[in-house]
There are 2 protein chains.
Amino acid sequence: MYEGPLQDLIDALGSLPGIGPKSAQRIAFWLLEQNEGEVNHIADTIRNTRSKVHFCTVCFNVSEHELCRVCMSLTRDRSKICVVEESKDVVAIERTHEFRGLYHVLGGAISPIDGRGPDALHVRELVQRLGDGAVTEIILATNPTISGDATASYLMRLLSTFPDVKLTRLASGLPVGGDLEYADEVTLGRAFAGRTSL
Amino acid sequence: MYEGPLQDLIDALGSLPGIGPKSAQRIAFWLLEQNEGEVNHIADTIRNTRSKVHFCTVCFNVSEHELCRVCMSLTRDRSKICVVEESKDVVAIERTHEFRGLYHVLGGAISPIDGRGPDALHVRELVQRLGDGAVTEIILATNPTISGDATASYLMRLLSTFPDVKLTRLASGLPVGGDLEYADEVTLGRAFAGRTSL
């Protein structure tokens, strides 16, 4: 549509996830209007982040250093590990301020349809973390989806060889502020199954 | 939320128009998963486009060279100039294949509320293009908005000093495939005012 370099920019922006051709065009024209320093800052940030971002060698959360902030902290409860699929999930849980233990980021979920089995996840490293007997509870906080549930089931079977470690799963049920009428039947069914006594 | 460089990347992406914090996070993680060549290509394209993209010295459309493709073309009708606000509008009109004349990109519209008067637009250059008498029609194709209509009115008064140049404005009315019931009253009013005999 556009001449050479502008179309290249639109194509490059359009390759990002969630950016369609119209958004890409809008961002491209916006970039042309910005001053050079601003544009170069964005370009350099994209270029350099990859080499600066590491993964925590213990829990595989994204990290600036060898160990992430949570693993380095002296105030966290080292007897609990919350197992999540992605680093994004760590941020979501941290935002609740409900959990003061450690994390373990699997790097995805088991998904046979995508050819991703347990070997593609950081499962072995999780088992190694249980070696010294310091951990007493593992919270399986994978997503309440087919692949997340499958991953949780797999881990439950695998970790049942550690009798001293309590295994828990995040509650599934109605979202707060949600409407019973609009809840899907699976969620409503889980809310019933997991009902708590008052 | 995230540690150092990753948060910088999310912030940089979030500064782009139409990208919210959630999209920025999604794109940032996506970029971390891509191979380095791909990421560097995107970064370099953003960095370099600015210096490679020029504006046509005649019509101010975005261009790779001194003159844009339309102005360089030998097959275009040089007696007609279509006046638009932005380069994006040129692309939209080219897509219709209805117009074979030349363009003039104003670089915006008159908008007193933003402190943008006619001097901020390429109006003087448009008047200069009429100097040699080759142009017989000017199509005012600014947007059918308050500022676009104001710009068209201003140009109409200004260009009425060229009696040999016919001034036209794009028709306003119901969009094709649209529903009479859902048309706003201004659009429907314009559709009535501009009705054509069969």
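Proteins come first, then strands; the chains are lettered A, B, ... in the order of their sequence lines, and each starts at number 1.
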Open item on the list: Hydrophobic clustering (ILVMFWY, side-chain heavy atoms < 4.5 Å, transitive) - are A/Ile81 and A/Leu106 grouped together?
Closed with: yes
- [ ] Determine, using the 4.5 Å side-chain heavy-atom cutoff (strictly less than), whether A/Leu32 and A/Trp30 are members of one ILVMFWY cluster.
- [x] no
TODO: Quick one: pull up CG in A/Leu9 and CG in B/Asp44 and give me the separation to the nearest 0.5 Å.
DONE: 12.0 Å
TODO: Drop me the distance from A/Ser87's OG to B/Leu6's CG, to the nearest 0.5 angstrom.
DONE: 8.0 Å
Under 4.5 Å heavy-atom distance to chain A, tell me which part of [X] shows up: side chain, backbone, both or neither.
X	value
B/Phe29	side chain
B/Ser23	neither
B/Glu36	both
B/Asn61	neither
B/Ser51	neither
B/Glu64	both

Open item on the list: If I compare all heavy atoms of B/Arg50 with all of A/Val39, which pair ends up nearest, and what's the gap?
Closed with: CD-CG2, 4.3 Å
Do the non-hydrogen side-chain atoms of [X] and [Y] ever get within less than 4.5 Å of each other?
X	Y	result
A/Tyr2	B/Arg69	no
A/Asn48	B/Pro5	no
B/Thr49	A/Leu31	no

Task: Residue pair A/Asp8, B/Lys52: steps toward the salt bridge (Lys or Arg N to Asp or Glu O under 4.0 Å) verdict - done: CA-CA 11 Å; A/Asp8 293 344; B/Lys52 281 190 199 159; 5.6 Å; no
Would you say [X] has more than 12 foreign heavy atoms packed within less than 6.0 Å of its [atom1]?
X	atom1	value
A/Arg124	CZ	no
A/Arg26	CZ	no
B/Glu38	CD	yes
B/Ile146	CD1	no

Task: Options B/Ile42, B/Val91, B/Val62, B/Leu13, ranked by heavy-atom pairs under 4.5 Å with chain A, top entry - done: B/Val91
Task: Options A/Gln34, A/Glu86, A/Glu94, ranked by heavy-atom pairs under 4.5 Å with chain B, top entry - done: A/Gln34
Open item on the list: Heavy-atom pairs under 4.5 Å with chain B - which of A/Gln25, A/Arg95, A/Lys88 has more of them than the others?
Closed with: A/Lys88
TODO: Would you confirm whether A/Arg47, through its side chain, and B/Ala43, through its main-chain N or O, come within 3.5 Å as a donor-acceptor pair?
DONE: no
TODO: Let me know which of A/Ile27, A/Ile19, A/Leu16 forms a side chain to side chain contact (heavy atoms under 4.5 Å, CB included) with B/Leu16.
DONE: A/Ile27
